[in-house]
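As structure tokens, the structure follows; a few thoughts come after it.
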Protein chains: 2
Amino acid sequence: MPRPDTRERILDHAERLFAEHGYDRASLRAITEAAEVNLAAVHYHFGSKEHLLEAVFQRRIGPINEERIRRLDLAIAEAAPALPSLRRVLESFLRPAVEQLRRVDAWILMGLARILHEDGAITTRHFDRLFGPVIERYRILLPICPELSPEEIQARFRFMIGAMLHSTVPSGPEELRSRDTDPERQLRRLLAFVEAGFEAPATDEVKA
Amino acid sequence: MPRPDTRERILDHAERLFAEHGYDRASLRAITEAAEVNLAAVHYHFGSKEHLLEAVFQRRIGPINEERIRRLDLAIAEAAPALPSLRRVLESFLRPAVEQLRRVDAWILMGLARILHEDGAITTRHFDRLFGPVIERYRILLPICPELSPEEIQARFRFMIGAMLHSTVPSGPEELRSRDTDPERQLRRLLAFVEAGFEAPATDEVKA
DNA sequence: GTCTATAGTAAGATAGAC
DNA sequence: GTCTATCTTACTATAGAC
């Protein structure tokens with residue numbers, strides 16, 4: 001086999017084209033043509049377009065989430081028996097995603113993130129499988145922010161994810177490639193913003 | 001005419017279906033069927049599917065942006081000759097969007113916002129036309145946050161937009177409709193988060 | 001302005017030879 | 001495992017009668 005595994009070639013080009021055009025507009029024909037494999041190979045190796053998307057996500061985002069849990073566990077262990085600092089916890093979530101920006105072309109990861117914002121009918125199932133266990137672990141924030149209601153913590157967690165995603169997902173691939181995306185600086189900015197956000201006074205009514 | 005204008009009927013159902021399924025997956029056939037008008041009526045009134053999308057956006061998001069500018073001008077006038085407070089400026093941006101959540105079904109607005117995250121090829125042009133003038137006006141933040149570099153202000157503005165969009169755009173219509181979306185509370189939470197975020201210390205190197 | 005009918009295109013999926 | 005060829009379906013858009 002002189003060239004990479006067919007399966008890997010499909011994944012590589014599917015990832016690129018999904019990221020660039022979104023799920024619907026990236027046709028299997030375009031993907032297989034770019035990968036220089038046969039159209040039918042997709043169905044042989046993955047079964048369907050949807051399963052191909054899932055494989056793309058699993059390959060790229062799965063490791064990010066594993067790293068998040070690894071870092072979170074480390075932060076908890078190092079601080080024990082006390083609680084880890086808010087910043088360490090937030091960083092354990094944000095840094096793995098930003099670290100990936102070094103290895104993969106940034107706009108690829110950004111484009112994949114955008115797909116998670118597309119029609120939920122396709123992505124909701126993957127989203128839950130990918131992120132469910134991770135988000136579960138971040139309940140550790142509850143005792144770290146004891147003055148906030150669980151609902152407000154959840155809301156702020158959502159704000160953080162939105163800030164992270166949108167900071168990396170503007171409108172249009174051209175803009176995407178031309179942006180200032182020094183990952184370390186972007187992470188510094190983002191961490192400062194969300195850490196302050198989490199430390200803001202509670203706004204929910206205090207429970208009776 | 002016993003029922004609303006054909007044009008309006010198309011807009012109503014296009015809005016709903018675009019919001020629910022995204023641009024690509026909402027077919028003109030489904031839209032015209034729901035609106036109980038003929039398929040060809042879309043092309044007669046709007047010319048193309050893309051122009052229909054633009055009309056939908058203009059009708060719903062245009063007024064939000066006008067209200068933003070109106071409130072921003074008011075805040076500036078009331079504070080003159082001093083600068084308006086950070087909070088007033090941020091609120092002038094966030095509140096009009098949240099106010100709309102009272103009038104329209106929340107998930108509709110959220111679904112439209114999601115389309116702005118879809119493939120830029122279609123939406124970038126509309127995005128610039130819709131938001132360009134507004135974002136321009138918020139340069140007022142530069143003197144309000146003198147310790148931040150212009151780039152960092154831009155980054156934080158982006159974080160704010162991301163937090164706003166994502167807080168209202170989770171994954172999947174089912175979840176969308178069942179969420180806790182009391183607009184006023186959501187606004188309070190969001191404002192507290194982003195105001196604190198803007199007030200965080202600068203992270204960019206001080207300019208030489 | 002509204003309709004029917006259809007042109008023209010592109011998509012995902014599959015059967016079956018090799 | 002890989003290929004060609006094709007099935008089936010769905011879409012946007014338009015022509016032309018009323």
Side-chain angles (χ1 to χ4, degrees), chain A residues 1-59 111-112 115 118-126, chain B residues 1-57 59 111 115 118-126:
Chain A
M1 286 184 289
R3 46 181 216 184
D5 196 42
T6 295
R7 201 187 136 92
E8 284 302 309
R9 291 174 57 78
I10 294 174
L11 280 174
D12 286 339
H13 288 86
E15 170 175 271
R16 184 174 60 80
L17 288 166
F18 282 149
E20 189 160 347
H21 300 118
Y23 177 76
D24 287 309
R25 310 174 94 83
S27 71
L28 291 184
R29 287 181 156 80
I31 290 169
T32 52
E33 192 175 340
E36 296 178 87
V37 301
N38 190 273
L39 172 61
V42 168
H43 293 92
Y44 177 80
H45 285 284
F46 299 96
S48 71
K49 187 182 184 182
E50 189 171 341
H51 284 104
L52 172 59
L53 176 69
E54 187 175 357
V56 166
F57 270 125
Q58 200 56 255
R59 182 178 70 150
L112 291 184
I115 292 182
E118 281 184 12
D119 181 5
I122 290 175
T123 54
T124 304
R125 291 189 294 280
H126 307 333
Chain B
M1 287 183 291
R3 47 181 216 182
D5 195 42
T6 295
R7 200 187 136 92
E8 285 302 310
R9 290 173 58 78
I10 294 174
L11 280 174
D12 286 340
H13 289 86
E15 173 176 87
R16 183 174 60 80
L17 288 166
F18 281 150
E20 191 160 347
H21 300 118
Y23 177 76
D24 287 310
R25 310 173 94 84
S27 71
L28 292 184
R29 287 181 153 80
I31 291 169
T32 52
E33 192 176 338
E36 296 177 270
V37 302
N38 189 273
L39 171 63
V42 168
H43 294 91
Y44 177 80
H45 285 285
F46 299 95
S48 72
K49 186 182 184 181
E50 188 171 340
H51 284 103
L52 171 60
L53 176 69
E54 187 174 357
V56 167
F57 271 125
R59 182 177 71 149
I115 292 182
E118 282 183 12
D119 180 5
I122 289 175
T123 53
T124 304
R125 292 189 294 280
H126 307 332

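Here is the naming used below: chain letters follow the sequence lines, and residue numbers restart at 1 for every chain. Keep in mind that what you see is a predicted model, and the values were worked out from it rather than measured.
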Sequence neighbours excluded, the answer for side-chain contact (heavy atoms from CB on, under 4.5 Å) partners of B:Ala40 is B:Asn38
_Check this one for me: any side-chain N or O of A:Asn38 less than 4.0 Å away from OP1 or OP2 of D:dT4?_
yes
Separation of D:dA15 atom C1' from B:Tyr44 atom OH, nearest Å, is 16 Å
note: B:Phe46, atom CZ; D:dA13, atom C1'; distance rounded to Å ~ 16 Å
One should read off an interatomic distance between A:Arg9 CZ and A:Thr32 OG1, to the nearest 0.5 angstrom, of 11.5 Å
The salt bridge (charged side-chain N to carboxylate O under 4.0 Å, His left out) partners of B:Glu8 (sequence neighbours excluded) come to B:Arg59
In whole angstroms, the gap separating C1' of D:dG1 from CD of A:Glu8 amounts to 16 Å
Hits for side-chain contact (heavy atoms from CB on, under 4.5 Å) against B:His13, two or more places apart or cross-chain, chain-then-number order -> B:Arg16, B:Ala34, B:Ala35
d(B:Ile115 CD1, B:His21 NE2) to nearest 0.5 Å is 11.0 Å
B:His45 NE2 to D:dT14 P, in whole Å, measures 16 Å
Here the distance between atom P of D:dA13 and atom CG of B:Leu52, to the nearest Å, is 10 Å
B:Ile10 CD1 to C:dT2 C1', in whole Å, measures 11 Å
note: A:Glu36, atom CD; D:dC3, atom P; distance rounded to Å ~ 11 Å
Sub-3.5 Å pairs of nitrogen or oxygen atoms, protein against nucleotides 9-12 of chain C:
residue : atom : partner : partner atom : Å
C:dG12  : OP1  : A:Lys49 : NZ           : 2.7
C:dG12  : OP2  : A:Leu28 : N            : 2.9
C:dG12  : N7   : A:Arg29 : NH1          : 2.7
C:dG12  : O6   : A:Arg29 : NH2          : 3.0

Review point. Can you tell me if the side-chain N/O atoms of B:Thr6 get under 4.0 Å from OP1 or OP2 in C:dG1?
Key: no
A:Ser48 meets the side-chain hydrogen bond (donor to acceptor under 3.5 Å, both in side chains) criterion, sequence neighbours left out, with A:His51
**Request:** Select base, sugar-phosphate, or nothing to describe what A:Ala40 touches, counting heavy atoms under 4.0 Å on all strands.
**Result:** base
